[in-house]
Number of protein chains: 2
Amino acid sequence: MNTEPSFLSKNRIKELARLKQKDNRLQEKLVVVDGFRTLEQIKFYGINPLEQYLLEGMQPIPIWDNIPVYYISEWDMHKICDSEHPSGFAALFPIPQAQKVNFNCAFYLDRISDPGNLGSIFRIAAAFSIGTLLLSPDCVEVSSPKVIRSSSGSVYKVPFQQANISELKALKGRIILADAHKGQALSKFNFQPEEKLIIVLGSEAHGISSEVSSLTNEALHIEMSSAIESLNVSISAAIIAYHLFIQRNTNNLTK
Amino acid sequence: MNTEPSFLSKNRIKELARLKQKDNRLQEKLVVVDGFRTLEQIKFYGINPLEQYLLEGMQPIPIWDNIPVYYISEWDMHKICDSEHPSGFAALFPIPQAQKVNFNCAFYLDRISDPGNLGSIFRIAAAFSIGTLLLSPDCVEVSSPKVIRSSSGSVYKVPFQQANISELKALKGRIILADAHKGQALSKFNFQPEEKLIIVLGSEAHGISSEVSSLTNEALHIEMSSAIESLNVSISAAIIAYHLFIQRNTNNLTK
C-alpha cells in the first residue's frame with residue numbers, strides 16, 4: 001500500500017487544470033472531481049480514482065486506502081477544481097462512459113442543458129432504479145464536473161447513452177411524454193412489470209421537441225395546484241421515478 | 001397608465017445595487033428580482049413590483065402594464081442584479097414578509113442553508129399546497145435574490161414564518177421527521193384530513209438537530225434503492241409533498 005503523500009510538479013498541475021475544459025476532458029478521457037461527499041458516494045459505488053489530491057496543511061485522511069495520494073496547496077486546488085469553493089478533497093477519474101444496456105424503464109432527457117438538473121436526475125435514477133438514461137443531442141456533457149457533483153457521483157452508477165430520434169425509435173419502447181398539463185394523472189398511472197417504459201422529460205426552457213412528441217400519443221402529468229405553471233425538471237423526474245419505483249415493487253409483490 | 005420608459009440616475013443605480021447586500025435589503029425592505037420566467041410567475045400570483053427595469057437597446061415589452069418602466073444599460077443591469085447572467089428583465093419588490101397562518105400541513109426546515117434548496121422547497125410548497133413553511137434559526141434568508149429566483153417567485157405565494165424550538169412546540173402539531181433510514185415508509189403513510197402535520201426536513205450537511213428530534217417519536221422515510229445514501233433535501237421535499245397532496249385529495253374524495 002502506497003499512501004505516502006507526494007507533491008505534484010507545476011507541469012502536472014497545469015495538465016490537471018486543462019481538464020476543466022470540455023475538449024481536453026473528452027480528449028484525455030479524464031476528469032478531476034472534488035467534494036468530500038461526492039467522493040464518498042463514488043467510493044460507496046465501488047469506483048476507484050487514479051489519484052487523490054488533498055489540501056496540504058489540513059492533513060485530511062485520504063478517502064481511498066490504496067490509491068496514490070498527493071498533497072497540494074489551496075492555490076493549486078483552485079486551479080485544478082471546477083467548483084467555486086473547492087473542499088480539501090479531489091480525485092482524478094476516467095470520465096463516465098456511455099453504455100447500451102437492456103432496461104425496463106428509462107428516462108429520455110430531451111435537451112436538458114442545465115448541469116445541476118442533469119446531475120440531479122442521475123442521482124434520482126440511482127435512488128429509484130431507473131434502468132438507464134437516454135440523452136438527446138444537445139444535452140449538457142455528462143463528464144462536466146458540475147454534472148458529476150450534482151449527481152453525487154451517480155454518473156458512475158447509472159448507465160446512460162446518447163440517443164437521437166431514430167435511435168429512440170429503434171428501442172421500441174412504450175414512449176410517454178411527461179407533460180405539465182396533458183395526459184393521464186401520474187397517481188393513476190400503472191404499467192406491466194415486463195413493459196419497456198421510456199418517459200420523456202423536456203427542459204423548462206425548451207419543453208419537449210415536436211419530433212419526439214410525434215412518436216407517441218401517450219402523456220402523463222403530475223397533479224398539482226393551479227397556482228403554479230410548472231415544476232423544475234429534476235423535481236418532476238423525482239416524483240415520477242418514485243411513483244414508478246413504488247408501483248414496480250407493488251407489482252412484484254402482488255405477482 | 002404611465003408606461004413611458006425613463007432612465008435612472010447614477011445615484012438611483014447605486015441605491016439599487018446596495019440591495020444586493022442582505023443588511024441593506026432588510027433595512028430598506030426592498031429587493032431587485034431578475035429573470036423573465038420568475039417575474040412572469042410572480043405576475044401570475046397577482047403580485048406587482050414598484051418599478052420594472054428593462055435592458056435598453058433590446059426594447060423588450062414590459063411584463064406589467066401599469067408599473068413604471070425604466071430602461072437601463074447592460075452594465076447597470078449587472079450592477080443591480082445578483083445573478084451571474086442577468087436577463088433583460090428585472091423589477092423592484094418589497095421583500096417577502098413572514099406571516100403566521102393556520103395550517104393543516106407544514107414543513108419545518110431545519111437549518112437549510114443552500115439558497116437553491118430553500119427556493120426550490122418554496123416552489124414545491126406552492127405546487128402541492130403545503131400550508132406554510134416554518135423556518136428554523138440559521139435557515140438562509142428568504143429575501144435573498146437566489147432564493148427568490150429558485151422559488152420562481154413562490155416566496156410571495158407560500159406563507160412562511162420563523163420558528164425556534166419553543167415556537168415549534170407551541171404549534172402543537174403532529175411532528176414527523178423525514179429521515180433517510182428510519183420510521184414508516186412514505187408510500188404507506190396516511191393521516192386524517194383534520195390533522196395538523198408538521199414534517200421536519202434537515203439539510204444534507206447537518207441533518208435534523210437533536211433538539212427537534214427529541215420532540216417526537218415519529219419518522220418517515222422515502223423508500224429507495226440501497227445504492228444511494230440519501231437524497232437532496234429539495235428532492236425529498238418534492239416526493240413527500242406530492243404524496244401528501246394526493247393523499248389529501250383522495251381523503252377529501254372519500255369523505
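In what follows, chains carry the letters A, B, and so on, assigned in the order in which the sequence lines appear, proteins first and then strands, with residues in each chain numbered from 1.
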Determine which residues belonging to residues 220-230 of chain A lie within contact range of chain B, meaning some heavy atom pair is under 4.5 Å apart, and list them by number or answer 'none'.
A:Ile222, A:Glu223, A:Met224, A:Ser225, A:Ser226, A:Ala227, A:Ile228, A:Glu229, A:Ser230

Heavy-atom cut-off 4.5 Å, strictly under: side chain, backbone, both or neither for B:Leu231 against chain A?
both

For chain B, which residues of residues 112-136 of chain A have heavy atoms nearer than 4.5 angstrom:
A:Ser120, A:Arg123, A:Ile124, A:Ala126, A:Ala127, A:Phe128, A:Ser129

Of all residues at least two apart in sequence or in a different chain, which pass the side chain to side chain contact (heavy atoms under 4.5 Å, CB included) check with B:Gln99?
B:Val101, B:Pro159

Nearest-0.5 Å distance, CD1 of residue B:Ile239 to CD1 of residue A:Ile239
7.0 Å

Between A:Ile235 and B:Ser234, the two heavy atoms sitting closest are CD1-O, 3.9 Å

Tell me if the CG atom of B:Asn102 is crowded by more than 12 foreign heavy atoms within 6.0 Å.
no

Taking only residues two or more places apart in sequence or in another chain, which ones pass side chain to side chain donor-acceptor pair (under 3.5 Å) with B:Asn48?
B:Trp64

So for B:Ala205, is it side chain, backbone, both, or neither that comes closer than 4.5 Å to the heavy atoms of chain A?
both

B:Glu40 CD: over 12 foreign heavy atoms closer than 6.0 Å
yes

Any chance you could measure B:Ser187, atom OG, to A:Asn249, atom CG, to the nearest 0.5 Å?
8.5 Å

NZ (A:Lys146) with more than 12 external heavy atoms under 6.0 Å:
no

Interchain contact, B:Ser154 with chain A, by part (heavy-atom threshold 4.5 Å):
side chain

